[in-house]
Amino acid sequence: MNRNTVDIPASVSLDGEVLKRLREEKRLTQLYVSKVVGVTTDTISRWENNRYPTMRRENALKLAEALEVPVEELLRQPSAATQAPTSPRQVRVAIVAGILAACILGVLLAMFWYYRESPMSPAGIVAERVLPRYAAPGTVIPVQVRLAQRNDDSGFILREALPKGWTLQQANPPPSSLDNDSGMVRWIVKTGDVRDRVVYLIKVDDRAVPGSFGVFRGEVVAGAGNTKSALPVTGQSQVAVAPKLWADLDGDGRIDDSEMLQASYVVDEMAGVHIDWLELERLWNAGGYRWDAAKGRFTPVRPLEAAAP
């Protein structure tokens with residue numbers, strides 16, 4: 001995305017409401033955006049709530065890259081009195097922008113009324129998968145499928161197709177149907193069940209080759225008879241197979257404080273399944289870790305040891 005960064009000051013004023021709206025419209029998680037920008041999810045939350053009203057130009061450019069929008073769209077605009085068009089060209093641009101905005105609004109309203117009135121409209125269930133960036137062969141990693149439901153709380157079926165050779169270890173709620181041979185898992189979520197996520201632990205195939213990817217696919221099926229609809233699970237769909245711990249977000253061979261904080265959020269969100277927190281603490285306290293391929297596990301190392309040849 002080309003930008004003229006010369007006219008952007010070193011410190012810019014961010015419009016948190018615009019950031020939040022664009023992220024949600026594009027169905028991106030705070031975790032995803034934080035990884036692209038290189039900050040914590042707490043920082044993204046503070047930006048969206050205007051608790052950090054300004055930011056460095058570099059972070060603004062990375063945010064725009066993550067959201068695939070011009071950086072100017074994320075910046076707080078001056079008041080109408082200071083930005084009224086004065087030249088003929090500005091007036092023409094303003095008129096064209098107004099017409100485009102009216103057309104877009106008309107299309108959105110038409111789509112809203114169509115899906116509101118149509119008996120074939122989607123069931124209103126939005127499922128978004130959250131995956132770690134890395135997974136080592138033979139290790140267990142956490143997976144979340146976050147759910148957003150309509151007020152009618154109607155039931156639905158969630159299907160997840162796991163990477164070949166990867167096996168489900170634990171899940172909350174327990175799956176209604178599981179075939180580890182084919183990699184197909186199904187959950188029946190009945191009417192009135194207002195849970196906001198399905199979580200599970202999956203074991204990576206011992207034979208998974210570093211440099212390859214584990215690919216996930218899924219869908220939500222809701223309704224019955226002629227009104228049944230199937231919506232794909234959005235969010236993250238693949239994990240890189242590498243000798244890295246799932247909590248090591250940047251893959252630098254150490255768990256720093258911000259990564260450990262993020263891991264604590266994941267553990268809290270993964271209620272109902274067991275993540276070895278003591279193992280994470282052991283690797284965090286050591287300052288670094290190394291993958292022991294022979295034993296198929298991570299071993300703690302001090303930073304000086306990790307740097308040694």
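Residues L63 and V33 are in side-chain contact: their nearest non-hydrogen atoms beyond the backbone lie under 4.5 Å apart. Taking the side chain as every heavy atom from C-beta outward, P142 and V199 never approach each other to under 4.5 Å. Contact check for L283 versus P300: side-chain heavy atoms found under the 4.5 Å cut-off. Using a 4.5 Å heavy-atom cutoff, the side chains of L19 and L67 are in contact. For the pair L278 and R282, the minimum side-chain heavy-atom distance is 4.5 Å or more.
For the pair R133 (side chain) and L249 (backbone), a donor-acceptor distance under 3.5 Å is present. Side-chain N or O atoms of D193 include one that pairs as donor or acceptor with a backbone N or O of R195 at under 3.5 Å. Checked by atom type and distance alone, the side chain of N172 never pairs as donor or acceptor with a backbone atom of V273 at under 3.5 Å. Although no hydrogens or angles enter the test, the distance criterion places no donor-acceptor pair under 3.5 Å between the side chain of N180 and the main chain of T167. Side-chain atoms of D257 do not come within 3.5 Å of backbone N or O of L261 as any donor-acceptor pair. Put simply, the side chain of R129 gets close to the backbone of Q236: a donor and an acceptor are under 3.5 Å apart.
E17 CD: 12 or fewer foreign heavy atoms inside a 6.0 Å radius. The number of heavy atoms from other shown groups lying within 6.0 Å of CZ (R21) is above 12. No more than 12 heavy atoms of other residues, nucleotides or ligands sit less than 6.0 Å from atom CH2 of W284. At most 12 heavy atoms of other shown residues, nucleotides or ligands fall within 6.0 angstrom of atom NZ in K164. Annotation: K20, atom NZ; neighbour count of heavy atoms from other residues, nucleotides and ligands within 6.0 Å does not exceed 12.
To the nearest 0.5 Å, atom OG1 of residue T139 and atom CZ of residue F298 are 5.5 Å apart. Note that NZ of K35 is 12.5 Å distant from CG of L28, once rounded to the nearest 0.5 Å. Rounding to the nearest 0.5 Å places CG of L168 at 8.0 Å from CG of L201.
A salt bridge does not link E279 to R297: none of the charged nitrogens lies less than 4.0 Å from a carboxylate oxygen.
Relative ring orientation between F216 and W166 is described as perpendicular, the plane-to-plane angle rising above 60° on a 0-90° scale split at 30° and 60°.
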Candidate pair D256 and S258, rule side-chain hydrogen bond (donor to acceptor under 3.5 Å, both in side chains), full reasoning: CA-CA 6 Å; D256 61 31; S258 63; 2.9 Å; yes

Determine, step by step, whether W291 and Y134 satisfy the ring-ring contact (aromatic ring centres under 6.0 Å, His included) criterion, reporting the C-alpha distance in whole Å, the side-chain angles of both residues, the deciding distance to 0.1 Å, and the verdict. CA-CA 13 Å; W291 172 246; Y134 302 109; over 10 Å; no

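The side-chain contact (heavy atoms from CB on, under 4.5 Å) test with Y200 singles out one residue from Q144, E160, M270, and that residue is E160.
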